[in-house]
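Each remark here refers to the structure printed beneath this line.
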Amino acid sequence: MEPITGKALVLACSAIGAGLAMIAGIGPGIGQGFAAGKGAEAVGRQPEAQGDIIKTMLLGAAVAETTGIYGLVIALILLFANPLIKLLG
């Protein structure tokens, strides 16, 4: 069995970190589903306010989605543009 080198350890930890960063996609998915359900419920109760409800719901969904996108960007950086590998290389 070969000893683990510094580069291999950084790659392994980066893969684990990328997986953990992708867990950040769970929260926005749940939140957006909840918001869409409540938005549909609100439109059902007050159809005349549909425009305002949809605008507010879409703004909230866009803000929630940024969390998932940030997690994806961090995961991609860890996997494909890892600055720590360049330090060891």
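All residue numbers refer to positions in the sequence shown, counting from 1. Scope of the values below: all heavy atoms of this structure, side chains included, with no hydrogens, waters or symmetry mates.
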Checklist line | Exercise: identify the closest heavy-atom pair between Q46 and I53 | finding: O-CD1, 4.2 Å
Notebook entry, point to check: Quick one: do I69 and V63 end up in the same hydrophobic cluster if we chain Ile, Leu, Val, Met, Phe, Trp and Tyr together by side-chain heavy atoms under 4.5 Å apart?
Noted result: no
Item checked: V10-L87 co-clustered via ILVMFWY side chain contacts under 4.5 Å -> yes
Notebook entry, point to check: What are the two closest non-hydrogen atoms of I74 and A21, and how far apart are they?
Noted result: CG2-CB, 4.2 Å
Item checked: Set of side chain to side chain donor-acceptor pair (under 3.5 Å) partners for E41, sequence neighbours left out -> R45
Next item on the list: Any chance you could measure L78, atom CG, to L11, atom CG, to the nearest 0.5 Å?
Entry: 11.0 Å
Note to self: Quick check on side-chain contact (heavy atoms from CB on, under 4.5 Å): which of M57, K38, Q50, E48 does V43 satisfy it with?
What the structure shows: Q50
Notebook entry, point to check: Can you hop from I23 to L72 via hydrophobic side chains spaced under 4.5 Å?
Noted result: no
Margin query: Ignoring hydrogens, what is the shortest heavy-atom contact between G71 and A24? Give both atom names and the distance.
Written below: CA-CB, 4.3 Å
Next item on the list: Consider only side-chain heavy atoms of I, L, V, M, F, W and Y, link residues closer than 4.5 Å, and tell whether I85 and V73 are in one cluster.
Entry: no
Item checked: Shared hydrophobic cluster, L20 / I26 (ILVMFWY, side-chain heavy atoms < 4.5 Å) -> yes
Margin query: Does anything in residues 54-82 form a side-chain hydrogen bond (donor to acceptor under 3.5 Å, both in side chains)? List the pairs, not counting sequence neighbours.
Written below: S14-N82, Q32-E65
